[in-house]
Enquirer: 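Quick one: this structure, given as structure tokens, is what I'll be asking you about.
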Amino acid sequence: MRVIQILTVLGYAFCFVGFVLSGSERGSFEDFNVTELEIETQKEGLLSFLENDAAAVSPSLLKPLMVPLTLIYGAASKGAVCLDGTLPGYHLHRGRGSGANSWLIQLEGGGWCNTVRSCVYRKTTRRGSSKFMEKLIPFTGILSSKAEENPDFFNWNRVKLRYCDGASFNGDGRDEAAQLNFRGQRIWLAAMEELMSKGMQKANQALLSGCSAGGLASILHCDEFRDLFPRTTKVKCLSDAGLFLDVVDVSGGRTLRNMYGGVVHLQGVQKNLPNTCTNHLDPTSCFFPQNLIANVKTPLFILNAAYDAWQLQESLAPRSADPRGYWNNCKLNHARCSSSQIYFLQAGFRNQMLNAVRDFSRSRQNGLFINSCFAHCQSERQDTWFADNSPLIANKGIAESVGDWYFDRVGVKAIDCAYPCDNTCHHLVFT
């Protein structure tokens, strides 16, 4: 029997498999008459929970490995700076033994900023300035140093590259008036140069991974990552919760497309998008993974929940598309969704996700793990990555599936049956 745990972040109460963490319930921020600043602050809390903080407080990890922040001091001369002009950074835990020359790079997630105002707010947070980044972070899940928690990658050199640009490490521009630096692509290049100098150039195995906006970045930069190494180096990429879909929201609009359009044009992303896409589609379409994955040459594994919790909250049924709150209960708890809402999620989201990966899945070199859970970012959370009750498809968990694919032990194309058939899910419930 799973224990329900509650987390309250800035008025947003989160309930998941865990224990009481902090605060008292004030209700969903959907119910408040709040300013844009407050909304951005509450979204920051939601992202922190979905992508990082939930992993940090896993009850089985009473003493997780804490890894210090390293700033890239040569980055400023290359113009590779965070939104506010501070230096970018990363966390590195060195490999050992058989993993001494193997490297895993995890790209941090954390949404995007698509307007000057939202980017100005963002630079007052850890997602836009290294001034606010934690000096120590826990390495859990795919970053864990323990064989019993991370059997295939525990002794590799493991890196978490911090995210402080707001365009999935892909923008290149500047807004002088607002003093905003859109330098995601330069941060990516400076970080790779730094890590190569730290020993990654000697890698015999490498894996580029990322969660959420970092999962999108791992797709965008996958072939660039491959090109850093000689052909003798085994290089693959993993995108966790990065399959953001260009879908219609509950009002018939396209909330995420509109937001992505702002990101692409504000931050100068279009110049860094792959021409295999931009030669026949507009730049905004080429920021959507569904239009990129079939043309990625490097082996790629897609790990995604078929009912992605972030996309349900912010793309399918955001407050702007549901001003009367018809979807509020469903967004808070999947068990409260009506039959018509479940049908919408099946036909309007899950089926479109499966269509998006159809051509991609035909390649023998690629891998898939799409489980029918209301979840987001499953590789850094220990309870979902590798634990006694981790999510399964056909009796195989996420860590084993990724390992089997990376090491070519067996092909992995795992697609779950439709909700509610899977009783191994760690659903995220907001209450």
Enquirer: Is the Tyr307-Phe349 ring centre distance short of 6.0 angstrom?
Expert: no

Enquirer: Taking the side chain as C-beta and beyond, is there a heavy-atom pair between Leu303 and Leu238 under 4.5 Å?
Expert: yes

Enquirer: State, without any angle test, whether Asp223 and Thr298 hold a side-chain donor-acceptor pair at a distance under 3.5 Å.
Expert: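 Thr298 and Asp223 do have a side-chain donor-acceptor pair below 3.5 Å.
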
Enquirer: Is the count of non-hydrogen atoms from other residues, nucleotides or ligands lying under 6.0 Å from Asn279 atom CG greater than 12?
Expert: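 Yes, CG of Asn279 has more than 12 neighbouring heavy atoms, counting only those of other groups under 6.0 Å.
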
Enquirer: Mark yes when over 12 heavy atoms from residues, nucleotides or ligands other than Gln179 sit less than 6.0 Å from its CD; otherwise mark no.
Expert: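 No, the 6.0 Å shell around CD holds no more than 12 heavy atoms from other groups.
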
Enquirer: Using every non-hydrogen atom in the two residues, find where Ile187 and Asp165 come nearest and quote the distance to one decimal.
Expert: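 For Ile187 versus Asp165, the nearest heavy atoms are CD1-CB, 4.3 Å.
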
Enquirer: Which atom names give the shortest non-hydrogen contact between Leu107 and Ser218, and what distance separates them?
Expert: CD1-N, 3.8 Å

Enquirer: Under a 3.5 Å threshold, yes or no: a donor from one side chain and an acceptor from the other, between Ser144 and Asn150?
Expert: no

Enquirer: If we count only N and O atoms by modelled type, under 3.5 Å, do the side chains of Asp240 and Ser209 hold a donor and an acceptor together?
Expert: no

Enquirer: Indicate the atoms forming the closest heavy-atom contact of Gln382 with Ser390, along with that distance.
Expert: O-OG, 4.2 Å

Enquirer: Any sub-3.5 Å donor-acceptor pair from Thr115's side-chain atoms to Ser118's backbone N or O?
Expert: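 Yes: the side chain of Thr115 pairs with the backbone of Ser118.
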
Enquirer: Sort out for me which residue in Gln185, His221, Glu224 forms a side chain to side chain contact (heavy atoms under 4.5 Å, CB included) with Asn272.
Expert: Gln185

Enquirer: In the structure I gave you, are the side-chain heavy atoms of Trp405 and Pro299 within less than 4.5 Å of one another anywhere?
Expert: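 A side-chain contact under 4.5 Å exists here.
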
Enquirer: Picking from Arg186, Gln267, Glu176, Arg174, what satisfies side chain to side chain donor-acceptor pair (under 3.5 Å) with Asn181?
Expert: Arg174

Enquirer: Using the rule side chain to side chain donor-acceptor pair (under 3.5 Å), only one of Asn371, Asp383, Thr384 pairs with Gln378; which is it?
Expert: Asn371

Enquirer: Quick one: are the ring centres of Phe139 and Trp156 less than 6.0 Å apart?
Expert: no

Enquirer: Is any side-chain heavy atom of Met200 closer than 4.5 Å to one of Phe229?
Expert: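 Side chain of Phe229 against side chain of Met200, heavy atoms only: contact under 4.5 Å found.
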
Enquirer: Please give me the minimum heavy-atom distance between Phe360 and Gly367, naming the atom from each residue.
Expert: CE2-O, 3.6 Å

Enquirer: Judged by atom type as modelled, is there a donor-acceptor pair below 3.5 Å linking the side chain of Lys413 to the main-chain atoms of Gly411?
Expert: no

Enquirer: Could you tell me whether Asp408 and Lys236 make a salt bridge, using a distance below 4.0 angstrom between a side-chain N and a carboxylate O?
Expert: yes

Enquirer: Backbone N or O of Asp246 within a donor-acceptor pair of the Gln290 side chain at under 3.5 Å?
Expert: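 Yes: the side chain of Gln290 pairs with the backbone of Asp246.
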
Enquirer: Can you tell if the side chain of Lys131 reaches within under 4.5 Å of the side chain of Asp84, non-hydrogen atoms only?
Expert: yes

Enquirer: Just so I know, are the side chains of Lys396 and Val410 near enough to count as touching, which here means a heavy-atom distance under 4.5 Å?
Expert: yes

Enquirer: Check whether any side-chain heavy atom of His265 sits under 4.5 Å from a side-chain heavy atom of Gln270, and report yes or no.
Expert: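 Side-chain contact under 4.5 Å: yes.
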
Enquirer: Side chains of His91 and Arg162: donor-acceptor distance under 3.5 Å anywhere?
Expert: yes

Enquirer: Answer yes or no: is there a donor N or O on one side and an acceptor on the other, between the side chain of Asn304 and the main chain of Leu243, under 3.5 Å?
Expert: yes

Enquirer: Before giving the answer on ring-ring contact (aromatic ring centres under 6.0 Å, His included), spell out for Phe301 and Tyr406 the whole-Å C-alpha distance, their side-chain angles and the decisive distance to 0.1 Å.
Expert: CA-CA 9 Å; Phe301 192 102; Tyr406 184 87; over 10 Å; no

Enquirer: Is the closest side-chain donor-acceptor distance between Glu194 and Tyr90 under 3.5 Å?
Expert: yes

Enquirer: So does Arg254 get a backbone contact from the side chain of Asn258, meaning a donor-acceptor N/O pair under 3.5 Å?
Expert: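 Answer holds: yes.
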
Enquirer: Show the nearest heavy-atom pair for residues Gly110 and Ala213, with the distance to one decimal.
Expert: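 Minimum heavy-atom contact is N-CB, 3.9 Å.
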
Enquirer: Can you tell me if Lys160 uses its side chain to pair, donor with acceptor, with the backbone of Leu92 under 3.5 Å?
Expert: no

Enquirer: Within the side chain of Arg226, is there an N or O that forms a donor-acceptor pair under 3.5 Å with the backbone of Lys234?
Expert: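 Side chain of Arg226 to backbone of Lys234: no pair is present.
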
Enquirer: For Lys78, does the NZ atom sit with more than 12 other heavy atoms under 6.0 Å from it, leaving out its own atoms?
Expert: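 Yes, the 6.0 Å shell around NZ holds more than 12 heavy atoms from other groups.
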
Enquirer: Could you walk me through whether Trp188 and Tyr163 satisfy the ring-ring contact (aromatic ring centres under 6.0 Å, His included) test, starting with their C-alpha distance in whole Å, then the side-chain angles of each, then the deciding distance to 0.1 Å, before giving a yes or no?
Expert: CA-CA 10 Å; Trp188 158 261; Tyr163 179 38; over 10 Å; no

Enquirer: If only side-chain N and O atoms count, and only distance matters, is there a donor-acceptor pair under 3.5 Å linking Ser285 with Asp282?
Expert: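 On atom types as modelled, these side chains qualify, holding a pair under 3.5 Å.
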
Enquirer: Taking Ser361 for the side chain and Arg358 for the main chain, is one N or O donor matched with an acceptor at less than 3.5 Å?
Expert: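 Between the backbone of Arg358 and the side chain of Ser361 there is a qualifying donor-acceptor contact (under 3.5 Å).
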
Enquirer: Arg117 versus Val120: any side-chain heavy-atom pair under 4.5 Å?
Expert: no

Enquirer: Minimum heavy-atom separation for Leu87 to Ala75, with atom names?
Expert: CD2-CB, 4.4 Å

Enquirer: Going by atom types only, do Ser212 and Trp310 share a side-chain donor-acceptor pair under 3.5 Å?
Expert: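 Short answer, no.
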
Enquirer: Strictly distance-based, threshold 3.5 Å: is any side-chain N or O of Lys123 a donor or acceptor partner for the main-chain N or O of Cys119?
Expert: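 No: the side chain of Lys123 does not pair with the backbone of Cys119.
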
Enquirer: Counting C-beta onward and ignoring hydrogens, is there a side-chain heavy-atom pair between Asp422 and Cys425 closer than 4.5 Å?
Expert: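 Side chain of Asp422 against side chain of Cys425, heavy atoms only: contact under 4.5 Å found.
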
